[in-house]
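Structure first, then comments.
Everything quoted here is computed from the prediction, not taken from an experiment.
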Amino acid sequence: RKGLIPVELKPLRTSRSLYESDRLQIATYLMLVRAANPDVNVPYGVVRYKDTTFRVYLTQELETRVSNVADQVRAAKRAAVVHRTHNVPAKCRACSHRTTCGESLV
């Protein structure tokens with residue numbers, strides 16, 4: 001009755017606040033579902049962590065943010081060199097490029 005609701009499950013995540021990357025991911029799903037189904041109501045998306053559920057509404061601000069990040073990803077794919085954008089060793093440990101990255105923190 002409410003329409004189509006995209007859901008992203010992150011069953012191992014235990015955070016009490018929504019990760020920005022997950023917010024952008026579900027917003028992207030919302031944009032795709034709305035584009036593919038213009039006559040279907042898509043009021044919000046859901047991100048579900050192990051013990052917490054978040055509703056994400058696609059605002060104009062969020063849609064703009066998704067578009068900007070997509071542009072940055074496209075530009076990075078064309079770039080000869082892409083620099084690290086964080087100071088989080090755990091991200092480097094989990095990165096598939098860490099062995100060839102000259103900026104790895106681990």
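Between P43 and I5, the shortest heavy-atom contact is CG-CD1, 3.5 Å. Minimum heavy-atom separation, V40 to L4: CG1-CB, 3.8 Å. The shortest non-hydrogen separation linking T52 to S15 is OG1-O, 3.7 Å. Residue P89 comes nearest to L105 through the heavy atom pair N-CD1, 3.8 Å, listed as atom of the first residue, atom of the second, then distance. Pairing each heavy atom of V33 with each of P6, the nearest pair is CG2-CG, 4.1 Å.
Without hydrogens or angle criteria, R55 side chain to Y44 main chain gives no donor-acceptor distance under 3.5 Å.
Side-chain contact annotation: R48 with T53, donor-acceptor N/O pair under 3.5 Å present.
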Determine, stepwise, if the pair R84 / C92 fulfils side chain to side chain contact (heavy atoms under 4.5 Å, CB included). CA-CA 9 Å; R84 179 176 38 83; C92 287; 4.0 Å; yes

Audit row: K10, E8, salt bridge (Lys or Arg N to Asp or Glu O under 4.0 Å) steps and yes/no:
CA-CA 7 Å; K10 307 282 186 180; E8 177 62 24; 3.5 Å; yes

Could you walk me through whether V46 and F54 pass the side chain to side chain contact (heavy atoms under 4.5 Å, CB included) check?
-> CA-CA 6 Å; V46 172; F54 305 93; over 6 Å; no

Set out, in order, the CA-CA distance, both residues' side-chain angles and the distance that settles side chain to side chain contact (heavy atoms under 4.5 Å, CB included) for S67 and M31, then state yes or no.
CA-CA 10 Å; S67 295; M31 291 169 68; 4.1 Å; yes

Determine, step by step, whether K77 and V82 satisfy the side chain to side chain contact (heavy atoms under 4.5 Å, CB included) criterion, reporting the C-alpha distance in whole Å, the side-chain angles of both residues, the deciding distance to 0.1 Å, and the verdict.
CA-CA 8 Å; K77 285 185 173 193; V82 178; over 6 Å; no

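Here the CG-OG1 distance, from D51 to T14, works out to 7.5 Å after rounding to the nearest 0.5 Å. Taking CD of E103 as the start and CG of N87 as the end, the distance is 10.5 Å to the nearest 0.5 Å. In this structure, SG on C101 lies 10.0 Å from NE2 on H83, to the nearest 0.5 angstrom.
Summarising the local packing, NZ of K91 is surrounded by 12 or fewer heavy atoms from other residues, nucleotides or ligands at distances under 6.0 Å.
Proximity of R98 to S104: side-chain heavy atoms (C-beta onward) are separated by under 4.5 Å at one or more points. Between Q25 and V47, the closest side-chain pair of non-hydrogen atoms is not below 4.5 Å.
A side chain to side chain contact (heavy atoms under 4.5 Å, CB included) with R23 is found for one member of L18, T28, V66 and no other, namely L18.
Relative ring orientation between Y19 and Y49 is described as perpendicular, the plane-to-plane angle rising above 60° on a 0-90° scale split at 30° and 60°.
Listed by chain and residue number, D22 satisfy the salt bridge (charged side-chain N to carboxylate O under 4.0 Å, His left out) test with R13 (two or more places apart in sequence, or in another chain). Considering only residues two or more places apart in sequence or on other chains, E61 meets the salt bridge (charged side-chain N to carboxylate O under 4.0 Å, His left out) condition with none of them.
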